[in-house]
2 protein chains.
Amino acid sequence: MVQFVHPSRDDITLEGILEALSDPMRLRIVRALVAQQGCMSCTEAAPCPDMAKSTLSNHFRILRQAGLVMTSKKGVEHRNVIRLDDIEARFPGLLKMILGFYDAEKAG
Amino acid sequence: MVQFVHPSRDDITLEGILEALSDPMRLRIVRALVAQQGCMSCTEAAPCPDMAKSTLSNHFRILRQAGLVMTSKKGVEHRNVIRLDDIEARFPGLLKMILGFYDAEKAG
DNA sequence: TCCGTAGTTCGATATTATTGAACTATTGAA
DNA sequence: TTCAATAGTTCAATAATATCGAACTACGGA
């Protein structure tokens with residue numbers, strides 16, 4: 001049985017957040033999770049369909065370790081939720097600002 | 001004669017900024033440059049004294065490419081300045097917020 | 001019980017970062 | 001001028017990290 005380790009709110013670091021969000025694929029995953037306002041399986045939140053499962057799994061592991069994502073098991077799939085409250089408590093406004101700029105850039 | 005390439009303001013990307021700031025050493029360099037409110041040589045802004053010159057040089061190259069730092073040559077040394085205005089124009093509030101959280105974290 | 005699905009883990013390869021050594025450009029002193 | 005010292009870059013080799021496919025685990029349904 002796979003058990004996930006999530007850092008407590010206070011153990012979320014700026015370095016971890018920046019490191020996690022510095023990868024374009026992970027930024028897209030986080031973007032999708034925030035937009036969803038609920039949980040998504042890993043495959044649902046996948047940033048591109050041709051990415052290897054193992055790579056996707058690794059990205060989620062990094063997002064979990066950074067404290068950005070909380071994963072629980074539900075049946076055969078994993079339910080991933082963005083830890084909005086914890087991130088907001090730790091770094092108020094940061095995620096919203098980054099995603100805002102991200103969206104603006106994508107919108108052109 | 002070494003000539004430096006700096007992206008124009010509009011070519012500064014969020015991805016580039018996040019990528020550049022996701023490295024702790026580069027974040028410390030940027031921290032120092034902002035605090036200085038003026039130019040610093042590479043060695044002056046070095047995040048730790050035992051870092052290899054080539055590594056330090058590479059970090060500055062990444063910061064330049066991201067559009068965070070502007071480097072000009074003055075005599076035997078390089079004058080590095082943080083591109084505050086350009087970054088603020090492109091991503092208002094972002095750098096200030098990140099550095100604010102960084103300082104808060106360091107203050108413990 | 002057996003098959004399909006969703007993810008993880010593992011070992012190998014590909015990419016990226018770091019390093020020391022050699023090099024360039026500039027300054028200052030003999 | 002010439003020589004040594006300084007600041008930083010470039011290069012080639014190595015160290016570290018990311019990606020991948022294959023094998024594996026766990027669960028659900030036929």
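Labels below follow one simple rule: chain letters A, B, ... track the order of the sequence lines, proteins then strands, and each chain is numbered from 1.
At D:dA26, none of the side-chain N or O atoms of A:His78 fall inside 4.0 Å of OP1 or OP2 (strictly under the cut-off).
The side-chain contact (heavy atoms from CB on, under 4.5 Å) test applied to A:Ala89 returns A:Arg9, not counting sequence neighbours. Shown here are the side-chain contact (heavy atoms from CB on, under 4.5 Å) partners of B:Thr55, two or more places apart in sequence or in another chain: B:Met51, B:Ala52, B:His59. Under the rule for a salt bridge (Lys or Arg N to Asp or Glu O under 4.0 Å), the partners of A:Arg90 that lie at least two apart in sequence or sit in another chain are B:Glu105. Applying the side-chain contact (heavy atoms from CB on, under 4.5 Å) test to A:Asp103 and every residue at least two apart in sequence or in another chain returns A:Arg31.
Atom CD of A:Glu77 and atom C1' of D:dG28 are 11 Å apart (whole Å).
Near DNA chain D, defined here as any heavy-atom distance below 4.0 Å, the residues from residues 56-66 of chain B are B:Ser57, B:Arg64, listed numerically. A heavy atom closer than 4.0 Å to some atom of DNA chain D occurs in B:Ser41, B:Cys42, B:Thr43, these being the qualifying members of residues 31-46 of chain B. Across residues 17-25 of chain B, not one residue has a non-hydrogen atom less than 4.0 Å from an atom of DNA chain D.
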Donor-acceptor pairs under 3.5 Å, side chain of residues 32-43 of chain B to any protein atom, not counting sequence neighbours: which ones?
residue	atom	partner	partner atom	Å
B:Ser41	OG	B:Glu44	N	3.1

Could you go through residues 11-22 of chain A and list every donor-acceptor pair under 3.5 Å that involves a side-chain atom there, pairing it with any protein atom two or more places apart or in another chain?
residue	atom	partner	partner atom	Å
A:Asp11	OD2	A:Ser8	OG	3.2
A:Thr13	OG1	A:Gly16	N	2.9
A:Ser22	OG	A:Glu19	O	2.8

Going by atom type alone, with no hydrogens or angles, which donor-acceptor pairs under 3.5 Å involve a side-chain atom of residues 91-102 of chain A and a protein atom two or more places apart or on another chain?
none

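Summary for the helix from C:dT1-D:dA30 to C:dA30-D:dT1: the axes at its two ends, each from 5 pairs, differ by 10° when rounded to the nearest 10 degrees.
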Give every pair of a protein N or O atom and an N or O atom of nucleotides 21-24 of chain D that lie under 3.5 Å apart, one pair per line with the distance.
residue	atom	partner	partner atom	Å
D:dG21	N7	A:Ser54	OG	3.2
D:dG21	O6	A:Ser54	OG	2.9

